[in-house]
Amino acid sequence: MTDYEKGLDEYKKKDYKASIDIFLPLANQGHADSQNKLGEIYECIYYGFDVESFENGEASESELCENEFGNNELAFKWYQEAALHGHVEAQCNLSIFIYFMLGDSESENEQSVKWCRKSANNGHAEAQARLARFYQYGVPGLIKQNNFLAWGWYEKAAAHSKQSHEDRADYELESIHLAAEFLKSNDKAKIKLAISCLVKYSDLGDTSAKIALANFYIEDENIENVNEALSLYNEVITFSPFPTTIAVAQWNLCLAYMYGTKLIDVDKEMALDFAKAAANNNRSYYHEIANFYRGDTFETDWKKVEDLYIKSSGRVAESDYELAKIYRKKGIFGKPDYYVESFKHCKKAAESGGGYSEIGKKAQYLLAEMYLNGEGTKQNLEKA
C-alpha cells in the first residue's frame with residue numbers, strides 16, 4: 001500500500017489528523033491527488049450548488065465542514081496547487097470553491113468559469129454539468145445565456161458521468177428539457193438534433209423524452225408521426241410507475257381530442273375521459289377541467305366549476321383564489337355564512353401562491369380587504 005493509499009484509508013475513516021500527516025509531505029512534493037484531498041479536508045464552508053445565485057444574488061444557508069481542520073485559505077491553496085498540476089477533479093473543486101467562497105467580483109467569477117471550463121474540457125462530468133448551468137442561466141459580464149451550448153454540455157456530462165445513477169439521470173433530464181424547448185423553435189437544425197436526442201432517451205425508456213417527443217409528433221401532418229405520438233403516450237400511461245407522469249400524458253391526449261389536430265378529429269367525450277383519468281392521477285387537473293365549464297369549451301356550469309375547484313383546492317392556488325371570489329360574491333348577495341369559506345380559501349391561496357406569483361399577489365390583496373372589512377374573520381387593521 002502506497003503512502004497516498006494509507007492517507008486515503010484514514011480519510012475514508014474520517015481520521016483527518018492522520019490523513020493530513022500523510023498527505024501533507026506528499027503534497028509538498030507535488031503529489032496532485034494529495035493536494036486535492038487536503039483541499040477537501042480544509043474546505044470549511046460552502047454555499048449550496050445553485051448556479052442561479054449568479055442571477056438572483058441569493059445563496060442557500062451555509063453549511064459548516066464536518067471537522068475541526070477547516071481552513072479556507074489552505075483549502076484554496078491546495079486546490080490551486082493541484083489544479084495547476086492538471087488535476088481534473090481539483091480544477092472542478094477550485095471552480096466551485098471560488099464561485100461560492102470568493103465569487104463576489106467579476107474577476108473572481110471569471111476564475112471560477114476558467115477552472116470549470118478546464119475541468120470540463122478534460123472530461124470531468126460534474127464540471128461539464130456546471131458549465132452547462134453557466135450557459136443555461138448566464139454569468140453576468142462573462143457568459144451570455146445560451147441553451148444550445150448548455151444542452152451540449154449536459155449531453156457530455158451524461159455521457160462521461162461515472163458518478164451515481166442519480167447524477168447522470170439529472171444531467172439527462174436537463175438535456176431532455178432543453179431539447180424539448182428546441183422543438184418549439186423555427187431552427188430546423190436544432191429541431192433535428194432535438195428529435196435525435198429525444199429518440200435516444202425515449203428508446204432508453206425515459207418518460208420525459210417520450211412525452212416531449214409525443215407532444216411534438218401529435219401536431220404533425222404525417223400520420224406515422226401522429227400514430228407514434230399516440231403510441232408513446234400509451235407507453236407512458238401503461239408502464240410509468242409515477243401517477244403524475246401518467247397524468248401529463250393523459251392530459252395531453254385530452255387536449256388533442258378536445259381541440260383536434262391536423263389529423264385528429266375533435267372528440268370531446270373521449271377528451272373528458274382522458275381529463276378525468278389525468279385528474280385521478282393528479283388533482284391539479286381538476287382545475288383545468290373546471291375551466292372547460294366557464295363557457296369557453298362547454299356551456300357555462302358554475303356548479304360544476306365550483307365542485308371541480310374544490311377538488312383541486314390545496315393543490316392549485318388559483319382554484320382557492322377563484323373559490324374565495326365565488327364565496328365572497330355569495331356573501332355580498334345576502335349569504336354572510338359564505339364569507340367564512342371565502343376567507344379560508346383566500347388565506348390558503350395567499351399562502352400557497354406566495355408573493356412570487358400573480359395569483360398569490362391577488363389573493364394577498366383580497367385577503368387584506370377581508371381583514372379590513374371583517375369578512376369571514378374579525379376585523380384586523382394591522383393584518384390588513
Side-chain angles (χ1 to χ4, degrees), residues 48-56 88-89 91-92 95-96 99 109-110 112-220 225 228-229 232-233 235-236 240 242 245 248-249 252:
F49 292 95
D50 291 330
V51 173
E52 294 93 313
S53 58
F54 262 134
E55 191 171 283
N56 60 33
V88 177
E89 184 179 348
Q91 290 170 343
C92 181
S95 170
I96 296 170
Y99 171 76
N109 290 341
E110 187 176 6
S112 177
V113 171
K114 182 190 85 170
W115 286 111
C116 181
R117 196 181 297 280
K118 279 182 178 291
S119 183
N121 284 330
N122 285 322
H124 193 276
E126 185 180 353
Q128 290 169 334
R130 182 160 294 278
L131 188 58
R133 294 188 190 104
F134 283 144
Y135 279 112
Q136 189 173 7
Y137 299 103
V139 181
L142 295 172
I143 292 180
K144 290 183 179 180
Q145 186 179 13
N146 188 320
N147 282 342
F148 187 69
L149 290 177
W151 170 75
W153 282 110
Y154 278 128
E155 278 287 272
K156 289 181 179 179
H160 294 159
S161 180
K162 296 179 182 177
Q163 302 178 59
S164 68
H165 173 74
E166 184 177 347
D167 288 327
R168 187 169 63 256
D170 285 344
Y171 305 155
E172 291 174 354
L173 189 60
E174 292 290 351
S175 176
I176 289 167
H177 286 166
L178 289 173
E181 289 299 311
F182 299 151
L183 294 178
K184 301 174 186 177
S185 73
N186 293 319
D187 189 321
K188 292 182 178 180
K190 284 185 180 179
I191 291 173
K192 185 176 180 180
L193 282 171
I195 291 174
S196 176
C197 170
L198 293 171
V199 167
K200 174 182 70 175
Y201 289 121
S202 176
D203 288 345
L204 291 172
D206 190 282
T207 54
S208 297
K210 289 179 187 291
I211 289 173
L213 204 55
N215 292 346
F216 182 69
Y217 284 152
I218 199 73
E219 299 286 344
D220 206 279
N225 284 342
E228 175 66 9
L232 288 167
Y233 284 136
E235 285 177 22
V236 173
S240 175
F242 306 110
T245 303
V248 172
N252 289 346

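- Annotation for Ser202 and Leu232: closest pair OG-CD2, 3.6 Å, computed over non-hydrogen atoms.
- With contacts defined as side-chain heavy-atom distances shorter than 4.5 Å, the pair Asp220/Glu228 does not qualify.
- Considering every non-hydrogen atom in both Val88 and Ser119, the closest pair reads O-OG, 2.9 Å.
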Test log, rule side-chain contact (heavy atoms from CB on, under 4.5 Å), inputs Gln91 and His124: CA-CA 9 Å; Gln91 290 170 343; His124 193 276; over 6 Å; no
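- Put simply, NZ on Lys184 and CG on Asn215 are 8.5 Å apart, with the number rounded to the nearest 0.5 Å.
- To the nearest 0.5 Å, atoms OH (Tyr233) and OG1 (Thr207) are separated by 13.0 Å.
- When all heavy atoms of Trp153 and Ala132 are compared, the closest pair comes out as CB-CB, 3.6 Å.
- Shortest non-hydrogen contact noted between Gly123 and Gln128 is CA-NE2, 3.6 Å.
- Rounded to the nearest 0.5 angstrom, Ile143 CD1 and Cys116 SG are separated by 8.0 Å.
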Show me the donor-acceptor pairs within less than 3.5 Å that the side chains of residues 189-200 make with the rest of the protein, sequence neighbours left out.
from	atom 1	to	atom 2	distance (Å)
Lys200	NZ	Glu155	OE1	2.7

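- With 3.5 Å as the limit, one finds no donor-acceptor pair spanning the side chains of Asp170 and Tyr154.
- Between Asp206 and Ala209 the shortest heavy-atom distance is OD1-N, 3.0 Å.
- The backbone N or O of Gln136 sits less than 3.5 Å from a side-chain atom of Gln145, completing a donor-acceptor pair.
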side-chain contact (heavy atoms from CB on, under 4.5 Å) between Tyr201 and Ser175, intermediate numbers included: CA-CA 10 Å; Tyr201 289 121; Ser175 176; 4.0 Å; yes
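- Taking CG of Asn147 as the reference point, atom CD of Glu181 lies at 7.5 Å (rounded to 0.5 Å).
- Checked against ring pair (Phe, Tyr, Trp, His ring centres under 6.0 Å), Phe148 has the following partners two or more places apart in sequence or in another chain: Trp151, Phe182.
- Closest heavy-atom contact between Val236 and Ala249: CG1-CB, 4.0 Å.
- Heavy atoms from other residues, nucleotides or ligands lying under 6.0 Å from NZ of Lys118 number 12 at most.
- Rounded to the nearest 0.5 Å, atoms CD (Glu235) and CD1 (Ile211) are 11.5 Å apart.
- Ser95 places no side-chain N or O within 3.5 Å of a backbone atom of Val113 that could act as its donor or acceptor partner.
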Worked verdict on Leu131 versus Asn121 for side-chain contact (heavy atoms from CB on, under 4.5 Å): CA-CA 10 Å; Leu131 188 58; Asn121 284 330; 5.7 Å; no
